[in-house]
Number of protein chains: 2
Amino acid sequence: MTAALTLEQIGELAGVSRSTVSRVVNEQPGVKAEVRERVLKVIAETGYQPNPAARSLAGQRTRIIGLVIPETAQILFTDPYFPRLIQGIAQACNASDYALSLFLFHTTDDEVALSKRIAQKQLFDGLLITATYIGDPLVEYLLSSDIRFVQLGYNDNPQVNCVDADNFSGAYQAVVHLIRLGFRRIATITGPMSNLAAVHRKDGYLQALGDRGILVEDDLVATSDYTQEGGYQAMTDLLQHKPEAVFVASDAMSLGALRAMRDHGVSVPDDIALVSYDDLPLALLAEPALTTVRQPIKRLGILGVETLIDILRNGAKPPRRIILPTELVVRDSCGAGRRS
Amino acid sequence: MTAALTLEQIGELAGVSRSTVSRVVNEQPGVKAEVRERVLKVIAETGYQPNPAARSLAGQRTRIIGLVIPETAQILFTDPYFPRLIQGIAQACNASDYALSLFLFHTTDDEVALSKRIAQKQLFDGLLITATYIGDPLVEYLLSSDIRFVQLGYNDNPQVNCVDADNFSGAYQAVVHLIRLGFRRIATITGPMSNLAAVHRKDGYLQALGDRGILVEDDLVATSDYTQEGGYQAMTDLLQHKPEAVFVASDAMSLGALRAMRDHGVSVPDDIALVSYDDLPLALLAEPALTTVRQPIKRLGILGVETLIDILRNGAKPPRRIILPTELVVRDSCGAGRRS
DNA sequence: ATGAAAGCGCTAACAT
DNA sequence: ATGTTAGCGCTTTCAT
């Protein structure tokens, strides 16, 4: 790595001006094919790369996408959701020649204060935000700013660009599966109601029962927190009300629920059938292997980036709102998985 | 977010020149205390933030740290090692006012080609690299360049700056624990020998046995690949040789090993004691809970950043090589965990 | 101790 | 179709 080349030098080598080289580099029209070839050749030979700082300064854009993961998600960070999401995001960024900058809010700083600081630093063209909750001040702040952003996760506000998997229909699907299997007393363990995904999964559960004319019993609905311990506790409570089946809104909670049932001598799926949500690697491994709803996580990340870039290029005019379908992976815990 | 302020404007507001403001912002000496106060006040009032692109361009440094995670690690990405590492890295970056840029090699691109592209882009001051393997061309390339980097993971080459947990003594500790418990026929399941950490963990195992005058039986050493399936297979093989205990070089493999033993009617720890490595959240959850070696992963990330920044500031002259101690977490799988 | 001035390497109007 | 020119906002000599 010796001194980096400049546009000027490439121009000299190719016998053209800096502007022409710039046009070639940026794939702008108005360069004779022959000249373009010549310049391209020099660039290839020299391995020239434009200086991103200079580009940012002159062009008022950084070609950087920021990914914001707030404090609240750090707990979730131990599950593979974020890693997979990041893989998708990184892949899409590479493909579009954007750099990816990570903003983890690790401190107890006020989120908004931090985000303002971040925003004013002008070190990205747009933001991908994750793990927000209902009424998250970060979203409010971004909305009131002129920062372009896409939320990875559904947002009620129709102004917010967002991409998410369909939590409602994922849950609906799961519960319908249980109903088809002949169960009627179907319980659920939900995530925290501050989380929109949790609300929608619950809605899907309610709707599936409603559509089949099954009365929802309040006693069969346990609100929990996405954690294993929470799942254990919730299941322990539910056991008193003798459900035939249970729809658990996350694999982590399912693990806890499974343990609770084991501790109480309840067999899955023979005594109680279970359908879960997430399809973590764990799901396959659990005893019994979990029937669970799989989300296209990596795809979510990719689409998030593509949507953001689209907005960067073409404006945020009609808000982009993308909902991806989910898939039910049938294994053993629902009692229907013993197909060859 | 209105138009961002510039140094010039701050200078105007404070009644000084742009240069003086720059000195204040960069905490340089040679500004009268009184003037400094005045400028600082204006900066606080206006919320001025220097433009990073301009800074990079003029100052020849980006204040960005790049984190490189190659393809090979993507598989491992499902375990919490990287997330935790990233948390530490992000935290340290924030603390030192560096931005963090993520380079995931997701494609099947030639690593070196990609790394060259990355390097020439001048979009970081230094690099943190992870998940390299023995003889990794990425390291060779970086070594031959003038790019400052710190490897997160031990490297044999004394020129390479690296920080890692002590794999040798972690394994040593684990095996000594089993020996103290009275076991003699101690088997091991290692990671892939292309991975230095795996080699060192194996070395620690061998040394611990050797130091106690226990003969190492080749049949009791199974080489695997850090995966669950690999652990299952390796344990199945080991079972034929009737070990009393087994040291498994990763929690993921332990899960597989546990399953293998369950499938063969072997009870842990009653029939075979097990000590594992990593202390994933899973370790606590397994049946029985795993006695396992814990690494200070987050601390590793923090130290990586601090080391890199130190090098950036003070030069790479004496290579920095940091080895952190590990800790044995005693639970049930070794048969010694039933203390109140 | 402070200010003036010259770039850093690029983009984007404006000429030609 | 191509070149010229004027910045982008900052750091950094060099004057004063």
Side-chain angles (χ1 to χ4, degrees), chain A residues 1-40 42-43 46-64 97 99 120-123 125 312-313, chain B residues 1-40 42-43 46-64 97 99 120-123 125 312-313:
Chain A
M1 298 278 58
T2 49
L5 291 160
T6 69
L7 266 192
E8 196 75 51
Q9 296 170 29
I10 299 296
E12 213 161 303
L13 289 173
V16 296
S17 80
R18 167 205 346 205
S19 308
T20 300
V21 181
S22 175
R23 288 188 188 103
V24 172
V25 168
N26 294 301
E27 297 173 313
Q28 283 168 11
V31 179
K32 217 191 301 179
E34 176 204 333
V35 176
R36 179 179 299 272
E37 287 315 310
R38 186 150 35 98
V39 171
L40 246 21
V42 174
I43 289 176
T46 55
Y48 166 79
Q49 295 279 134
N51 179 317
R55 260 186 155 176
S56 301
L57 184 56
Q60 313 282 32
R61 55 201 226 121
T62 59
R63 288 163 179 276
I64 292 174
D97 203 33
Q120 290 182 355
K121 280 197 171 177
Q122 307 148 91
L123 23 70
D125 294 339
L312 258 22
R313 281 206 252 268
Chain B
M1 295 275 50
T2 49
L5 291 159
T6 69
L7 267 191
E8 196 75 50
Q9 297 170 29
I10 300 296
E12 214 160 303
L13 288 171
V16 295
S17 78
R18 165 207 342 206
S19 310
T20 301
V21 181
S22 174
R23 289 187 188 103
V24 171
V25 169
N26 294 302
E27 296 173 313
Q28 284 168 12
V31 179
K32 218 190 300 178
E34 176 204 331
V35 176
R36 179 179 301 272
E37 288 314 311
R38 186 149 35 95
V39 172
L40 246 20
V42 174
I43 289 176
T46 55
Y48 166 77
Q49 294 278 136
N51 179 317
R55 259 187 156 174
S56 301
L57 184 57
Q60 312 282 29
R61 52 199 232 127
T62 60
R63 288 164 180 277
I64 293 174
D97 202 34
Q120 292 182 354
K121 279 197 170 172
Q122 308 148 95
L123 23 71
D125 293 339
L312 258 22
R313 279 207 253 269

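Predicted model only: the values in this text are computed from it and were never measured. Protein chains get the first letters and strands the later ones, always in sequence-line order, with residue 1 at the start of each.
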Do you know the tightest heavy-atom contact between B/Glu27 and B/Arg36?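 Nearest heavy atoms, B/Glu27 then B/Arg36: CA-NH1, 4.3 Å.
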Looking at every heavy atom in both A/Ala54 and B/Leu57, which two are closest together, and how far apart are they?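 Between these two residues, the closest heavy atoms are CB-CD1, 3.7 Å.
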Using whole Å, what does the distance between atom [atom2] of nucleotide [N] and atom [atom1] of [X] come to?
X       : N     : atom1 : atom2 : answer
A/Arg18 : D/dA6 : CZ    : P     : 12 Å
A/Glu8  : D/dT4 : CD    : C1'   : 11 Å
B/Leu7  : C/dG7 : CG    : P     : 19 Å
B/Glu12 : C/dG3 : CD    : P     : 12 Å
B/Leu5  : D/dG9 : CG    : P     : 10 Å
B/Gln28 : C/dG3 : CD    : P     : 15 Å
A/Glu34 : D/dA1 : CD    : P     : 13 Å
A/Arg36 : D/dA1 : CZ    : C1'   : 11 Å

Closest to the [X] side chain, choosing from [options]:
X       : options              : value
A/Leu57 : D/dG9, D/dT11, D/dT2 : D/dG9
B/Thr20 : C/dG9, D/dT11, C/dT2 : C/dT2
A/Val31 : C/dG3, D/dC8, D/dT2  : D/dT2
B/Arg23 : D/dT5, C/dA1, D/dT13 : D/dT13
A/Asn26 : C/dG3, C/dT11, D/dG3 : C/dT11
A/Ala54 : D/dT2, C/dG9, D/dG9  : C/dG9
B/Ser22 : D/dG3, C/dG9, D/dT12 : D/dT12

NA contact type, B/Val25, heavy-atom cut-off 4.0 Å: base, sugar-phosphate, or nothing? nothing
Touch class at under 4.0 angstrom, heavy-atom based, for A/Gly30 against every strand present: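 Result for A/Gly30 = base.
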Polar pair under 3.5 Å, donor/acceptor by atom type, side chain A/Ser19, base D/dT4: yes
If only side-chain N and O atoms of B/Arg55 are considered, is one of them under 4.0 Å from the OP1 or OP2 phosphate oxygen of D/dT11?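 Yes.
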Would you tell me if any nitrogen or oxygen in the side chain of A/Tyr48 comes within less than 4.0 Å of OP1 or OP2 on C/dC10? yes
Test item: [X] side-chain N/O and [Y] main-chain N/O as donor-acceptor pair under 3.5 Å:
X       : Y        : result
B/Asn26 : B/Gln28  : no
A/Thr62 : A/Asp125 : yes
A/Ser22 : A/Arg18  : no

How about A/Val16 and A/Arg38: do any of their side-chain heavy atoms sit closer than 4.5 Å? yes
Which comes earlier along DNA chain D counting from the 5' end, the contact point of A/Pro29 or that of B/Gln49, where each point is its nearest nucleotide?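 The residue whose closest nucleotide sits nearer the 5' end is A/Pro29.
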Whichever of A/Thr6 and B/Arg38 has its nearest DNA chain C nucleotide further upstream toward 5': B/Arg38
